[in-house]
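First up is the structure itself, then whatever we jot down about it.
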Amino acid sequence: MASRDGCNCQGEKTEEQEQEQSNSTGTTTHSQPDPAMSMAVTAASAARTKLGGYEFYRQVLKSPKFVMAPMVDQSELPWRMLSRDYGCQLCYTPMLNSSVFVRDETYRRINFTTCAKDRPLVVQFCGNDPQILLQAARMVEDQCDAVDINFGCPQHIARRGHYGAFLAEEWDLVSSLVRVLHENLAVPVTCKIRIFDDPEKTINYAKMIQASGCQLLTVHGRTLVQKGPLTGIADWQIIKRIKETLSIPVFANGNILYYEDALQCMELTGVDGVMSAEGQLSNPAIFNGPELLPSWQLAEQYMKYCEEYPTAMAAVKGHLFRMWHESVKIHTDLRERLAGVHDMAAAYAVMEEMHRRLKEEAAQHGEVTFPPYTGPSCKVGARVGIPHWYLQPKVHDLEKDKILAVGPRVNSSASEEQHETKRQAAEVEAPKPKKPKADGWKFKICPNCTNPGGVRCSHGLCKNCCLQKLRSEQVECPGHKYFLSKENFLRYKASQEQNKEQNQPEDGQQEEQQQ
């Protein structure tokens, strides 16, 4: 989950995840083992031969070189199916919160969907309780090829929930989480980690995870503090050392903006595969080859998959924004229209208009000569001069990335002393003060589940339950802005503006109030 290139936690979180993080005390809790969960796995699962290491990598996963990262609200089923059509050989689900997954059927139904063609597939969970993690994993082990544990999420939600990269200093707990899944699942367990500032500590951490039962390790070459404005450059050298040390397959994550970057990474590090998040979001055909494709080609195909496998509108809009990230800077009216979309019909209308304009521009532009690839993007930066209607990564300021880099970096001209100063500054940065809560204040609980109900919801439901009510009962909710059609939303918006004008005092009244 990520900065999206690796951790992928920056998307909006579900109500269930927010409730989970608000309930967390920041300490590890351990549930009593469920006797039913300790029984032998189902006959269907048991019948499968559980392979490990390179046998698992070759025979089950089919030796994938190009891998789509787990991304919150973004690596959903339609996006996975589209990615498989364009060179992606292995897909991960979005990160799933194991505690919420176990207790909330609605969360499971909304956030975990798959189909027969969605293979090979790895389901990723986060959590800090081995038994709860095992319960969650057993609910999906017959629908996937492996279960992955997220030890790489650096976002604040992971800190509050006590999971992801914030478990990296608790080696006994990390080992227990891996070992329990390894010993009790019918499918292999894999892991995804971030690096430490100390290369030797990173290598020992990876060795410990392998010894606990991990059958495949993905290494994101950034540290815990490398996120947001401190994202910087991922360190391929430490990934190379980990690959040379371990006996299990290793995937590299970080600095992958183009197809050529993936090839360079595998050549320089010797890893078995390359995982992409940030680059893959902007260009779902990143693994299809060096040729850049027009955005309308993949956007239209993605929308067709969304019709076949319905998904949340937030995911649909997020993907269209990312594929059009350069075009919406020019066609700002369509950016505003897309932001207000609430159903597939409206999304199609925006897409058709955008693609009409892009195809006209492409026809007027004529033949395109792409700038050549001159080396890894972490060294030379992104290629500029590509017409905006082609799928392309977001352009990063390479010099700014070098300046903001934290910890040892590939090709960074800054000295270790400068890095240490930046690390210390990041560590002592004062947290933002929290707004005080009123005495006795607490969430109103959604009547359909255990999550907090929406304060403005017309039915007193949480966001997900309200959406289900809309779909099943065709009941709108102005509070959550859930409407059955774009026309209904526009009427609601117009009435709100009219009420605002009626409640606004006249100029004379304003002067009197000011006096």
Side-chain angles (χ1 to χ4, degrees), residues 1-11 65-72 74-75 79 82-83 86-88 220-222 226-234 236 251-266 268 273-299 302 318-330 335 358 368-402 404-405 409-411:
M1 318 223 8
S3 69
R4 282 212 183 267
D5 197 358
C7 179
N8 323 309
C9 295
Q10 290 179 346
K65 300 295 183 184
F66 304 122
V67 185
M68 185 184 76
M71 297 174 282
V72 172
Q74 299 285 260
S75 57
W79 190 254
L82 175 70
S83 302
Y86 288 91
C88 185
H220 185 189
R222 292 185 173 93
Q226 281 187 270
K227 55 188 175 183
L230 293 176
T231 295
I233 301 169
W236 285 357
F251 290 159
N253 183 211
N255 301 342
I256 308 299
L257 298 183
Y258 301 100
Y259 174 76
E260 295 91 337
D261 285 337
L263 300 183
Q264 285 279 312
C265 181
M266 286 188 283
L268 295 176
V274 169
M275 176 182 286
S276 177
E278 184 81 18
Q280 204 271 343
L281 278 179
S282 299
N283 178 13
I286 187 173
F287 294 137
N288 199 51
E291 180 184 2
L292 298 178
L293 301 178
S295 59
W296 61 74
Q297 177 178 329
L298 277 81
Y302 170 67
H319 285 305
L320 292 179
F321 270 123
R322 286 303 298 261
M323 287 189 281
W324 298 337
H325 69 89
E326 291 297 322
S327 298
V328 293
K329 296 176 183 178
I330 299 171
R335 178 178 61 195
L358 298 185
V368 175
T369 301
F370 295 108
Y373 180 82
T374 57
S377 301
C378 60
K379 294 181 180 180
V380 302
R383 286 179 278 181
V384 296
I386 300 174
H388 66 85
W389 53 85
Y390 282 95
L391 295 167
Q392 55 191 289
K394 285 191 173 183
V395 177
H396 292 268
D397 186 333
L398 184 63
E399 292 306 314
K400 183 178 178 181
D401 277 351
K402 288 180 179 179
L404 293 175
R409 290 292 154 264
V410 178
N411 303 299

Quiz prompt | Within-4.5 Å side-chain heavy-atom neighbours: E278 and M71 | solution = no
Quiz item: Does some side-chain heavy atom of L358 sit less than 4.5 Å from a side-chain heavy atom of S295?
Solution: yes
From [atom1] ([X]) to [atom2] ([Y]), nearest 0.5 Å:
| X | Y | atom1 | atom2 | answer |
| --- | --- | --- | --- | --- |
| Q280 | L391 | CD | CG | 10.5 Å |
| Q297 | W389 | CD | CH2 | 15.5 Å |
| N283 | Y259 | CG | OH | 12.5 Å |
| F321 | R335 | CZ | CZ | 8.0 Å |

Considering all heavy atoms of both residues, which atom of [X] and which atom of [Y] are nearest to each other, and what is their separation?
| X | Y | value |
| --- | --- | --- |
| M275 | M68 | CG-C, 4.3 Å |
| Q392 | H325 | O-NE2, 2.7 Å |
| I256 | C265 | CD1-CB, 4.0 Å |
| F287 | V274 | CZ-O, 3.9 Å |
| A285 | L293 | CB-CD1, 3.8 Å |
| N288 | G87 | OD1-N, 3.9 Å |

Quiz item: Does the pair W324 and H388 meet the rule for a side-chain contact (heavy atoms from CB on, under 4.5 Å), with working shown?
Solution: CA-CA 8 Å; W324 298 337; H388 66 85; over 6 Å; no
Practice problem: In sequence, state the C-alpha distance, the side-chain angles, and the governing distance for L263 and M266, and then conclude on side-chain contact (heavy atoms from CB on, under 4.5 Å). | Solution: CA-CA 5 Å; L263 300 183; M266 286 188 283; 4.1 Å; yes
If we ignore hydrogens and angles and just use 3.5 Å, is the side chain of [X] paired with the main-chain N or O of [Y] as donor and acceptor?
| X | Y | result |
| --- | --- | --- |
| S75 | P70 | no |
| R222 | G232 | yes |
| S83 | P284 | no |

Practice problem: Apply side-chain contact (heavy atoms from CB on, under 4.5 Å) to the pair N255 and D261, showing each step before the final yes or no. | Solution: CA-CA 7 Å; N255 301 342; D261 285 337; over 6 Å; no
Practice problem: Just do the side-chain contact (heavy atoms from CB on, under 4.5 Å) check on F370 and I386 with the steps written out, would you? | Solution: CA-CA 6 Å; F370 295 108; I386 300 174; 4.1 Å; yes
Partners passing ring-ring contact (aromatic ring centres under 6.0 Å, His included) against [X] (at least two apart in sequence or in another chain):
| X | result |
| --- | --- |
| Y258 | none |
| F251 | none |
| Y373 | none |

Exercise. Using the six-membered ring wherever Trp is involved, compare the ring planes of W79 and H319 and label them parallel, tilted or perpendicular (cut-offs 30° and 60°).
Key: parallel
